[in-house]
Amino acid sequence: MLLRISRLIVSTLALLLSGSLVSAQQADAPKVIIDTDFNTIGDDGQVAVMAAQLYSQGVINLLGFTVASGNEWRDQEVAECLKAVERLGIEDRVKVYVGSQYPLLHDYKSYLYEQFLFGPPIDYVGAYASPQPNPYQLVPPPDGFATHTVPAKEDGVDFMIRTIHRYPHEVTILEIAPPTNLALAIRKDPTIVPLIKQVITMAGQLYVSGNAYLDNAEFNWWFDTEATQIVLRTAILHYIIPLDCTNTLPLTKDIYLQITQHQPQTIITQLYQQAYAPFFGSRPAPYTPYIYDTTAFAFLVNPSLATDVRDLWVDVKTNSDQNDDYGKSTVFSSDPFPSIGLLQNSKVIFHLDNARFHAFYVDLLTRPVPVRVLPHRWHNGDGEGESRDSALP
């Protein structure tokens, strides 16, 4: 009898301790807005899966997704993001906010003008591979459109502004898209600038070739170069993971098989297999796939993954009608204009601990879905458009 009582006391204490640890972990969890040019299971879609897994455990506080055109036209991306949060089981807690349809200046006609001046593309152009479709021409994700999830009523830019004011010095912007939404937020309400904790982005190329249009620039920064320049020149703590880093992280067949052959399979591993099978079948791969946006998410969760970080002053080239290196990064080892403070210091990550990153990547992409969200002490504070777990305690 005494033994049973002792075991009960130990079990109760363990449960209480576990609950207090979870609450403490959630209270300290970094608050993050993911600004994305979403795709179902490409780099942005993978970030959503990984973020949902860690959000479910209280490791991060995922405040919402804001969507802007980039990989695809915005409305197609919104449809895929809505399906993703539903597929992952977080649709009642994490909202999808519709952001900008167009870059600040570099619209589709500007891209056509680039082609007139400099020739057809030799690499990735994202949404600009075709004209903007009719809203009724959206393509369903492989497992169908979302059945009950709709976008938040609040605009993505306004959501950014409101949330940063609500949580001053606490919100990280995980910038894995052309930074149109963030640039618009900065211009609409400059008072948010000193309140942003940090911006972590996978974008740019410093000493290597690009991967967009004519290979002179990296895609995210090429797609909306003017927005990129606004963000880079704004006094925010900025971490950049450029192609210089991601070029060291090819998606190998071994990594592919670790994910696609993992048992039990999930809808995520099945979608991953469908997407990447052309690279690892009997035919030669169309090109070498690399791991991109998930590097920025991994660094957010565990900054110790970065093994080579340098303080640099980074800018981008604009004015596409005079040169063919529109969107290309320019980099300086010291401030080239110290008297006016034109450029801001950025912390550029050139290398990650690849083995640890790969383990993190495979683990989160093979966990069960839908996720099982742990009981949170946070609750919905002010209604529609608010992530339940983003409300104040």
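Keep in mind that the numbers below use all heavy atoms, side chains included, and drop hydrogens, waters and symmetry copies.
No side-chain N or O of Thr330 forms a donor-acceptor pair with one of Asp315 less than 3.5 Å apart. A donor-acceptor pair shorter than 3.5 Å can be found between the side chains of Asn71 and Asp44. Checking Arg367 against Gln57 by side-chain atom types alone, a donor-acceptor pair falls below 3.5 Å. A side-chain donor from one of Arg356 and Ser304 sits under 3.5 Å from a side-chain acceptor of the other. A donor-acceptor contact closer than 3.5 angstrom is absent between the side chains of Asn211 and Asp123. Looking only at atom types and distance, the side chain of Thr36 has no donor-acceptor partner in the side chain of Glu77 under 3.5 Å away. Side chain to side chain, Glu80 and Gln76 meet the donor-acceptor criterion of an N or O pair below 3.5 Å. In summary, the side chains of Thr252 and Asp254 do not present any donor paired with an acceptor at a separation below 3.5 Å, with no hydrogens or angles considered. A side-chain donor-acceptor contact under 3.5 Å links Tyr361 and Gln46.
Between Phe350 and Tyr207, the ring-plane angle classifies as parallel under the 30° and 60° cut-offs. Taking the six-membered ring where the residue is Trp, Tyr102 and Trp73 present perpendicular rings, their angle passing 60° and hence far from 30°.
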Trace of the side chain to side chain contact (heavy atoms under 4.5 Å, CB included) decision for Val98 with Phe65: CA-CA 8 Å; Val98 180; Phe65 294 94; over 6 Å; no

Using side-chain hydrogen bond (donor to acceptor under 3.5 Å, both in side chains), reason through Asp244 and His351 one step at a time and then give a plain yes or no. CA-CA 8 Å; Asp244 307 64; His351 207 281; over 6 Å; no

Ile240 vs Ile200, side chain to side chain contact (heavy atoms under 4.5 Å, CB included): CA-CA, chis, key distance, verdict: CA-CA 6 Å; Ile240 301 169; Ile200 300 175; over 6 Å; no

Steps toward side-chain hydrogen bond (donor to acceptor under 3.5 Å, both in side chains) verdict (Thr180, Asp224): CA-CA 7 Å; Thr180 315; Asp224 196 344; 2.6 Å; yes

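Heavy-atom minimum distance, Asp35 versus Val67: OD1-N, 4.4 Å. The two atoms that bring Leu243 and Glu218 nearest to each other are CG-CG, 3.8 Å, heavy atoms only.
Asn319 contributes atom CG, which lies 9.0 Å from atom OH of Tyr326 (distance to the nearest 0.5 angstrom). Separation of atoms CZ (Arg233) and CG (Leu343) is listed at 6.0 Å; rounding is to 0.5 Å.
A salt bridge is defined here as a Lys NZ or Arg NE, NH1 or NH2 lying under 4.0 Å from an Asp or Glu carboxylate O, and Arg162 with Asp158 fails to meet this definition. Taking a cutoff of 4.0 Å between a charged side-chain nitrogen and a carboxylate oxygen, Glu170 and Lys31 qualify as a salt bridge.
The ring of Tyr124 has its center closer than 6.0 angstrom to the ring center of Phe219. Residues Phe299 and Tyr239 place their aromatic rings such that the two centres sit under 6.0 Å apart.
A side-chain donor-acceptor contact under 3.5 Å links Asn181 to the backbone of Ser100. Put simply, the side chain of Glu86 gets close to the backbone of Thr149: a donor and an acceptor are under 3.5 Å apart. With hydrogens and angles ignored, the 3.5 Å screen pairs a side-chain donor or acceptor of Gln53 with a backbone N or O of Pro368.
Here the options are Tyr213, Tyr111, Trp222, the test is ring pair (Phe, Tyr, Trp, His ring centres under 6.0 Å), and the partner is His106; only Trp222 passes.
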